[in-house]
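Some notes on the structure that comes next.
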Amino acid sequence: MGENAIKIFIDVILLGLFFYEVGIMASASRIHEILGCVFFVLLIIHNLLNKGYYMNLGQGRYSRKRIAGIVVIGVFGISVLVLEFSGVAMSRHLFPNMKFLSDWNVRALHLGAAIAALAALIFHVLMHMGRYMQGKKFYYLTGLALVLTISGIFGLPYIERWYHPVSINLQQTIEGEKVNFSGNVLIVYFSRVGNTDFPKQVDAVSGASLLKDNEVLLGNAQVLALMIQNAIGGDIASIQTVEKYPGSYNETTKIAGDELAKQSFPVLKHKLPDLVQYDTIVLVYPLWWGTLPRPVASFMKAYNFEGKTIVPVVTHGGGGAGDSVEVLRGLANGKVAEPLIVYSSDIPLFRDDVTNHLKNLHR
Ligand SMILES: Cc1cc2nc3c(=O)[nH]c(=O)nc-3n(C[C@H](O)[C@H](O)[C@H](O)COP(=O)(O)O)c2cc1C
């Protein structure tokens, strides 16, 4: 193989590895770590093979295009270094003892570096392509590169958010303005956390928008329930099923889909407090398949809500309240108030909205 062929071969592998790493970053596995190291070694070889580029840096004219090329390579080089260092600090398999940055900071750094490297890489490849392609084709390619970069910038954090728990300080998150609420309140929540057999390693958990405070995993509905309790006081209880859901998000959605198709009433673990003493039941739940999770239907069936007000609080991953409030109205013989609806990613900054909604309910 001639030197040129080796260069092209390594470049293609580097490109493939980079996109493969971005694609599997969500699983953050041993393979991701090993390939990250392979990428780094190949990148050093790539630079050695192209050392002529660096040796020529001091020579010739500096056109705008040349300067842009150097900046892009610089951004890429720095991003890769940050990627590698933060990767080592985050490593669970290859370098488990090298924790020189806190978990949360290092993840943000790794993600930011991945975005910067992605953008730089796309423009680097594009500048090379400019040599072989002219006119319309080149403009189409530039357009495609822009679309890829923008989807990377917005897509990577989304993937990250979807697959990894987000660290919060629970106490700070739930703390806020107190609201005067008359009558006795019971806050009942149903959450995936508390009803799921999660693996011990919190970061290995996959699934939408889980929260954690230090190493303690928290359900979205659970955090909302605690926010509400912080605002209006009252007792708090959780709906728990006898059968736990599996740790895998996908499997959970399948089981939940089956329960829905069968309109089943999953058996609940224990009786919740007697409702007689309460005037308001705040019911916090996630949207499942665009509707009410069946364990919440089990709760509704088990109790008499006559003379009580139910306040639905729904958390979702983009589907709003779906038809869950209508289903709730069909199951409840009490009054169902206007729901409070929150997109899962907004929960850490939702405390003020909780205050406003609760104030409005009492107007
Ligand atoms: C089984 C299942 C089904 C879901 N279905 C939907 C859905 O149809 N629409 C939606 O926007 N979000 C859906 N989600 C996302 C959850 O509503 C969202 O992540 C919620 O904040 C989770 O709350 P939790 O952590 O208290 O369980 C679903 C989640 C699960 C586990």
Side-chain angles (χ1 to χ4, degrees), residues 26 157-168 170 173-174 187-199 202-213 215-229 236-241 243-266 268-269 282-299 311-328 339-351 353-354 357:
Y158 178 76
I159 295 174
E160 164 77 5
R161 178 84 183 88
W162 187 259
Y163 281 94
H164 292 296
V166 167
S167 294
I168 57 163
L170 181 63
T173 307
I174 64 171
I187 303 155
V188 178
Y189 70 89
F190 173 70
S191 234
R192 190 168 159 232
V193 178
N195 284 293
T196 301
D197 272 327
F198 283 118
V202 169
D203 280 2
V205 173
S206 77
S209 322
L210 289 162
L211 300 169
K212 69 171 182 178
D213 176 54
E215 287 312 300
V216 181
L217 209 53
L218 302 156
N220 287 334
Q222 180 185 6
V223 172
L224 284 170
L226 291 168
M227 273 184 190
I228 292 160
Q229 191 185 37
I236 200 160
S238 71
I239 298 174
Q240 288 183 4
T241 52
E243 287 266 316
K244 289 216 166 186
Y245 291 90
S248 149
Y249 181 76
N250 280 346
E251 278 175 42
T252 303
T253 57
K254 273 187 210 132
I255 294 173
D258 279 353
E259 289 174 356
L260 196 65
K262 292 184 191 135
Q263 290 287 289
S264 61
F265 290 95
L268 302 186
K269 209 168 181 178
V282 180
L283 183 56
V284 196
Y285 58 86
L287 186 73
W288 276 16
W289 287 106
T291 189
L292 195 72
R294 291 311 291 173
V296 182
S298 300
F299 165 71
V311 179
V313 179
V314 194
T315 166
H316 62 91
D323 72 357
S324 67
V325 179
E326 288 75 56
V327 173
L328 206 58
L340 175 61
I341 303 166
V342 51
Y343 178 50
S344 54
S345 302
D346 296 338
I347 292 176
L349 297 174
F350 201 64
R351 181 59 177 82
D353 298 74
V354 165
H357 187 77

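Note that ligands are numbered from 1 as they come in the structure, with each ligand's atoms numbered from 1 the same way. Keep in mind that the numbers below use all heavy atoms, side chains included, and drop hydrogens, waters and symmetry copies.
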Q.
Test your reading of the model: is there a side-chain donor-acceptor pair from Asn220 to the backbone of Ser344, 3.5 Å cut-off?
A. no

(Q) For ligand 1 and Ala221, I'd like to know whether there is a polar contact (N/O to N/O, distance under 3.5 Å). (A) yes

Q) Which of the atoms in ligand 1, numbered in the order shown and given with their element, are less than 4.0 Å from a heavy-atom of Trp289? A) 3 (C), 4 (C), 5 (N), 6 (C), 7 (C), 8 (O)

Q) If you measure from each heavy atom of Tyr249 to ligand 1, is any distance below 4.0 Å? A) yes

Q: Just jot down the ligand 1 atoms closer than 4.0 angstrom to any heavy atom of Gly319, in number order.
A: 10 (C), 11 (O)

Q: Return the option from Trp288, Tyr245, Tyr343 holding the heavy atom at the smallest distance from atom 3 (C) of ligand 1.
A: Trp288

**Q.** Sub-3.5 Å N/O-N/O distance, Asn220 and ligand 1
**A.** yes

(Q) When you compare ligand 1 with Thr253, is there at least one nitrogen or oxygen pair between them that comes in under 3.5 angstrom? (A) no

Q: Please indicate whether any nitrogen or oxygen in Gln222 is less than 3.5 Å from any nitrogen or oxygen in ligand 1.
A: no

Q: Start with the C-alpha gap between Leu340 and Val311, add the side-chain angles, then the distance that decides, and say whether side-chain contact (heavy atoms from CB on, under 4.5 Å) holds.
A: CA-CA 8 Å; Leu340 175 61; Val311 179; 5.8 Å; no

Q | Closest contact, heavy atoms only, Ser264 versus Arg294 | A | O-NE, 2.7 Å

Q: Answer yes or no: is there a side-chain heavy-atom contact under 4.5 Å between Leu170 and Leu226?
A: yes

Q.
With nothing but distance in play, are any N or O atoms of Gly290 less than 3.5 Å from an N or O of ligand 1?
A. yes

Q | Numbering as shown, the atoms of ligand 1 that approach Ser344 to under 4.0 Å (heavy-atom distance) | A | 21 (O)

Q: Return yes or no for this condition: an N or O of Gly317 is under 3.5 Å from an N or O of ligand 1.
A: yes

Q) For ligand 1, is there an atom lying under 4.0 Å from some heavy atom of Val193? A) no

Q | Option set Leu287, Asp346, Ile347, criterion heavy-atom distance to atom 28 (C) of ligand 1, minimum | A | Leu287

Q: State, with a plain yes or no, whether a side-chain heavy atom of Val354 is found less than 4.5 Å away from one of Val342.
A: no

Q | Nearest atoms (heavy-atom pairs only) where Pro246 meets Ile255 | A | CD-CD1, 3.4 Å

Q | Over all atoms of both residues, closest heavy-atom pair of Pro293 and Pro286 | A | CG-O, 3.1 Å

Q.
Considering Ala225, Gly194, Pro286 one by one, which has a heavy atom nearer to atom 22 (C) of ligand 1 than any of the others?
A. Pro286

Q: Report yes if Thr315 has an N/O atom closer than 3.5 Å to an N/O atom of ligand 1; otherwise report no.
A: yes

Q: Give the atoms of ligand 1, by number and element, whose distance to some non-hydrogen atom of Gly219 is under 4.0 Å.
A: 25 (O), 26 (O)

Q: Please examine the side chains of Val314 and Tyr285, heavy atoms only from C-beta on, and report whether any two atoms are closer than 4.5 Å.
A: yes

Q.
Check whether Arg192 reaches the backbone of Gly247 with its side chain - one donor and one acceptor, N or O, closer than 3.5 Å.
A. yes

Q) Between Phe190 and Trp288, what is the ring plane arrangement, given parallel below 30°, perpendicular above 60°, and tilted in between? A) perpendicular

Q. Ser191 to ligand 1: N or O pair under 3.5 Å?
A. yes

**Q.** Thr173 side chain to Pro348 backbone, donor-acceptor under 3.5 Å
**A.** no

Q) Heavy atom under 4.0 Å from ligand 1: found in Ala256's side chain, backbone, both, or neither? A) side chain

